[in-house]
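Everything on this sheet refers to the single structure shown next.
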Amino acid sequence: DAKTTQPPSMDCAEGRAANLPCNHSTISGNEYVYWYRQIHSQGPQYIIHGLKNNETNEMASLIITEDRKSSTLILPHATLRDTAVYYCIVRGNSGGSNYKLTFGKGTLLTVNP
Amino acid sequence: SQTIHQWPATLVQPVGSPLSLECTVEGTSNPNLYWYRQAAGRGLQLLFYSVGIGQISSEVPQNLSASRPQDRQFILSSKKLLLSDSGFYLCAWLRSLSPEAEAFFGQGTRLTVV
């Protein structure tokens, strides 16, 4: 059972920023927030992760709220190739949860031309 | 660099036939290994994970089994396939149990049971 909640689908115009929300209200202090995406018929691909601070890499930015109960993945300039299912998961190192990678249903992001 | 190999890419098997899917990881030692299944239009379901040779944890009761005969080899098997075993099977590995370690996935095997 996933510990995150995401909207089932979102649309975004090509070239605009895509902001994907994730709720993780039961996150514990040592759990990281991870984002992956899965393009149709491929294996999921790692995007970014964070603990408390906002993070940025060449693919995306991750904004985590101060209470850490939610986060937003930002794709600054979405392209058609960013159409995929985006998964938000939390993972820590307590209670055996470090072994498990549990994915929810994710958000299907459709980038429109 | 580390890579993960999964084969075959596609497979069509009759009901009642056996199954063996193989996953191997290169460029690392003692990886944590996972098998997932994704039914059509559904999310990723964790089937098995392994933290070492011969150590298998099952997440859901099912018609499948897993084995880890070598450090970097993870095998998913069935003695008799059911129609409901159809799906997209993914192998993944985790470099360490550190919360900062990201997972890497293979390209998957699409299994159709007919």
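Basis for what follows: all heavy atoms, side chains included, without hydrogens, waters or symmetry-related copies. Residue numbers begin at 1 in each chain, while the letters A, B, ... track the order of the sequences.
For the pair A:R37 and A:Y86, the cation does not sit on the ring face, since its NZ or CZ is not both under 6.0 Å from the ring centre and inside 45° of the axis.
For chain B, the nearby part of A:Q38 is the side chain; its heavy atoms alone come within less than 4.5 Å. Heavy atoms closer than 4.5 Å to chain A are found nowhere in B:Q6, neither backbone nor side chain. Using a 4.5 Å cut-off between heavy atoms, B:Q38 touches chain A through its side chain atoms alone. Interface remark: B:L90 contributes side-chain atoms only to the contact with chain A (heavy atom separation under 4.5 Å).
Annotation: A:F103 is in aromatic contact with A:Y87 [ring centroid separation under 6.0 Å]. B:Y36 and B:F48 have their aromatic ring centers separated by at least 6.0 angstrom.
Looking at A:T4 and A:V90, their side chains come closer than 4.5 Å, going by heavy atoms from C-beta outward.
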